[in-house]
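Below, each value reflects all heavy atoms present in this structure, side chains not excepted, and no hydrogens, waters or symmetry copies. The sequence lines fix the lettering, A, B, ..., with proteins before strands; numbering per chain opens at 1.
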Amino acid sequence: MISDKVRVRIAPSPSGNLHIGTARTALFNYLFAKKTGGEYVLRIEDTDLDRSSEAYKQNIFDSLKALGLNWDEGPDVGGQYGPYKQSERFDIYPKFAQMLIDKGYAYECFCSNEDLDKEHEEANAKKIPYKYSRKCLNLTKEERDALKAKGIVPSIRFKVDSKELVFHDLVKGELKFDTSLIGDFAIMKSNGTPTYNFAVVVDDMLMKITHVIRGEDHISNTPKQILIYEALGAEVPQFGHLGMILAPDRSKLSKRHGATAVSDFIKQGYLTDALLNFVAMLGWAPSDGVEIKNVDEIAADFRIGELSSSNSIFEYEKLNWMNGQYIKKMDISRLTDLALPFLDCYDTSKYSREKLEHIIEVTREPITLLKDLVYDTQYFFEKPVYEEDSKEILKSDLSKTVLEKFKKDVLEYDFDNLEDVHNKLADLRAYFKENHGFKPKETMWAVRCKITGRTRGADMAAILNILGKEEVIERLSAV
RNA sequence: GCCCCCAUCGUCUAGAGGCCUAGGACAACACCCUUUCACGGUGUAGACAGCGAUUCGAAUUCGCUUGGGGGUACCA
């Protein structure tokens, strides 16, 4: 047995910021571990040194942590099966490759890139599927030594025998492959580093991974990997392949479609809770039909076999809606913490923390993104900027009539008493309705436009309460 | 080209032979509520890709077609 306990992993390669699709894969692994009481490990797959970078690695850490997808074992926290960075495991792979050669499952290949390119071209010209020619399969020891003496460093290829390979996928069901279609593939590059397919198997084996849950772009790697497990004499883990996330044009979600990295979404003002919740609903549905759920609730209801096996399209409408729901319901203090960085274009120091929370509280209702707050709170921090429709409204006789009275009445308002302000405004509406036949809406528009420069915004009483008497009078007097 | 995966409203999905004249959510539209925007409420519109087969009966099973996606590297 590999392990009695479920052990899953998420293995991103640091050749880019944490992609939303990778985040979803991480989520499902996390949920599965959580549900089964298993362990969840993070492994950094940086065998391709040229494309990997420290900054990307850091972004992956930060994003995963921001999402709350904390790992039990990983490069930073350690664990008994480390190291958890492939570049720190380079001494491990050659041993297993050599073992495979010794057992006759692999062989050295001295073909140059040019040789290989030629084989590819020939196959293309003949319109037949490419398979490695096995030119180096039967080289004698003398021939190999001679090649090495010439300074040629070999790669190592896995010898693929023909057979039908079947495995049961956790989400797709039974999957069949004819291995005669797979050519002998490289497991070690001539530079001494392992190829992806080899490194994953060796690591998953050594790290005692029991379930490999990943995107369906890995389906075709799976037979190769199973072959390696078998050659290594290791127990094959269970595989589960998720459908992918596609852009609205049904192509792969990429930068040209906008944000793809979790950190991009966060920068735009998406809440990590909402992001996680949304992405979970791509391919999974709650049994009670309630879609707004936190990770714990999702984990409790999670069954891996219920994952949808088809691709899903990433549309912003629902994400935006969900984000809005979270913003409306989130604890105001926490929301304020998250919102403040977005408001650094204003001098927020003129308000107390209490007042700032109050500002967020009264402006949070209609927003979908935290960055919407920048526009929506402008008139709290700066003088109003009069928009076109407001200017029009203020020009009317109706508005002038209202403001004339309001300006006088306001002296009597108890600005610190929100309820009082509320009632006084109600009186104002009632007065103009009775005496002038103005609609409540029209009365309020006059006040709102004058004070905020806009026709829309937070509750008017709250605005007056926050701004305070002095500021309100000043705005009313300004021309 | 070859191999593999997938196919229910615009989107995310429920549905595992009769409970489906196909349910929910987002978006849309209408109305209600209302000091604006919004929230909330009530409605309307909107889908089983096509064709065959199995069956008394198919969105659900099978086959083909079409469409979409993935893979086909000494990238991961």
Side-chain angles (χ1 to χ4, degrees), chain A residues 11-16 45-48 50-52 86 109 111-113 116-117 120 123-124 126-132 153-157 169 172-173 175-178 181-183 185-197 199-200 215-223 241 243-244 246 248 250-252 278 281-292 308-322 324-325 328 363-368 376 422 425-426 428-429 439-449 452 454-461:
Chain A
S13 93
S15 53
E45 309 223 321
D46 56 351
T47 53
D48 186 349
D50 295 337
R51 295 208 295 173
S52 301
Q86 287 183 331
C109 171
C111 292
S112 65
N113 282 329
L116 266 14
D117 287 347
H120 268 106
N124 279 341
K126 286 189 209 154
K127 299 203 176 219
I128 53 167
Y130 172 75
K131 254 179 87 175
Y132 174 62
V153 184
S155 62
I156 299 173
R157 280 183 188 276
D169 189 279
K172 305 260 184 203
L175 261 27
K176 280 188 198 149
F177 296 88
D178 177 359
L181 268 11
I182 307 171
F185 57 91
I187 56 175
M188 291 295 291
K189 305 177 201 170
S190 52
N191 69 4
T193 65
T195 62
Y196 163 75
N197 279 122
V200 201
E216 70 173 27
D217 48 338
H218 286 290
I219 288 183
S220 55
N221 286 323
T222 309
H241 290 95
M244 322 216 50
L246 268 26
R250 290 174 193 283
S251 67
K252 215 169 176 174
F278 173 72
M281 297 304 146
L282 255 32
W284 181 82
S287 53
D288 64 359
V290 179
E291 297 189 305
I292 303 275
S308 153
S309 55
S310 51
N311 295 338
S312 42
I313 293 173
F314 191 101
E315 294 273 18
Y316 278 87
E317 280 92 353
K318 198 159 185 172
L319 205 212
N320 288 342
W321 166 75
M322 244 183 211
Q325 293 293 315
K328 279 184 250 309
T363 47
R364 86 212 278 198
E365 188 75 41
I367 70 167
T368 57
D376 286 3
H422 236 284
L425 285 175
L428 188 75
R429 291 193 291 275
K439 291 180 191 159
K441 190 198 280 189
E442 294 171 322
T443 304
M444 292 308 286
W445 257 334
V447 175
R448 180 179 295 282
C449 291
T452 70
R454 304 176 182 179
T455 54
R456 305 166 176 183
D459 172 67
M460 204 54 229

field: Residue A:Q325, side-chain atoms from C-beta onward, closest of B:C37, B:G24, B:G40
entry: B:G40

statement: Which of B:C6, B:A27, B:C75 is nearest the side chain of A:E317? It is B:A27

Side chain of A:T195 - closest among B:U35, B:A76, B:C39: B:A76

query: In the structure shown, which nucleotide is the Watson-Crick or G-U wobble counterpart of B:U44, with both distances under 3.5 Å?
result: B:A28

statement: Against the side chain of A:D217, the closest entry in B:C37, B:G70, B:A76 is B:G70

message: Mind checking if A:S155 touches a base, just sugar-phosphate, or nothing, with heavy atoms under 4.0 Å?
response: base

- request: Could you please spell out the steps behind the ring pair (Phe, Tyr, Trp, His ring centres under 6.0 Å) verdict for A:Y316 and A:F314?
  value: CA-CA 7 Å; A:Y316 278 87; A:F314 191 101; 5.4 Å; yes

message: For the P atoms, the ones on B:G50 and on B:U8, what distance do you get once it is rounded to whole angstrom?
response: 11 Å

query: Applying a 3.5 Å limit to both distances, which nucleotide forms a Watson-Crick or G-U wobble pair with B:U36?
result: none

task: Indicate, with a heavy-atom threshold strictly under 4.0 Å, whether A:I367 touches base, sugar-phosphate, or nothing.
output: nothing

query: What distance, rounded to whole Å, do you find between the two P atoms, one in B:C19 and one in B:U60?
result: 13 Å

message: Counting the atoms with a prime plus P, OP1 and OP2 as sugar-phosphate, which does A:D376 contact under 4.0 Å by heavy atoms, base, sugar-phosphate, or nothing?
response: nothing

- request: Decide whether A:N191 and A:T193 meet the rule of one side-chain donor and one side-chain acceptor closer than 3.5 Å.
  value: yes

- request: Could you tell me the separation between the CZ atom of A:R456 and the P atom of B:U36, rounded to a whole number of Å?
  value: 12 Å

message: Would you measure the distance from the C1' atom in B:U61 across to the matching atom in B:C9 and give it in whole Å?
response: 25 Å

A:I219, nearest nucleotide to its side chain (from B:A14, B:C5, B:C75): B:C5

query: When the C1' atoms of B:G18 and B:A58 are considered, how many whole Å apart are they?
result: 9 Å

message: Can you check the distance between B:G24 and B:C37, where both ends of the measurement are the P atom (answer in whole Å)?
response: 28 Å

task: Please work out if A:R250 contacts a base, only the sugar-phosphate, or nothing of the nucleic acid, heavy-atom cut-off 4.0 Å.
output: sugar-phosphate

- request: Could you state the atom-to-atom distance from CG of A:L319 to P of B:G10 in whole Å?
  value: 21 Å

- prompt: Nearest of B:A25, B:C74, B:C4 to any side-chain atom of A:S190?
  reply: B:C74

statement: Regarding the side chain of A:L282, the nearest nucleotide among B:U36, B:A76, B:C12 is B:C12

task: Indicate, with a heavy-atom threshold strictly under 4.0 Å, whether A:H120 touches base, sugar-phosphate, or nothing.
output: sugar-phosphate

- line: Among the nucleotides B:C26, B:G71, B:U35, whichever has the atom closest to the side chain of A:R429 is B:U35

query: How far does the C1' atom of B:U44 sit from the matching atom of B:G70, given to the nearest Å?
result: 40 Å

task: May I ask you to verify whether the side chain of A:D459 and the base of B:U35 hold a donor-acceptor pair under 3.5 Å?
output: yes

task: Take atom NE2 of A:H218 and atom C1' of B:C75, then tell me their distance rounded to the nearest Å.
output: 11 Å

- prompt: Quick one: on RNA chain B, does A:N311 or A:A11 contact a more 5' nucleotide (nearest heavy atom)?
  reply: A:N311

message: Just the rounded figure in Å: distance from P of B:A73 to CG of A:D48.
response: 16 Å

query: With respect to the side chain of A:M460, which nucleotide from B:C3, B:U35, B:C12 is positioned closest?
result: B:U35

message: The side chain of A:K318 is closest to which nucleotide in this list: B:C5, B:A25, B:U35?
response: B:A25

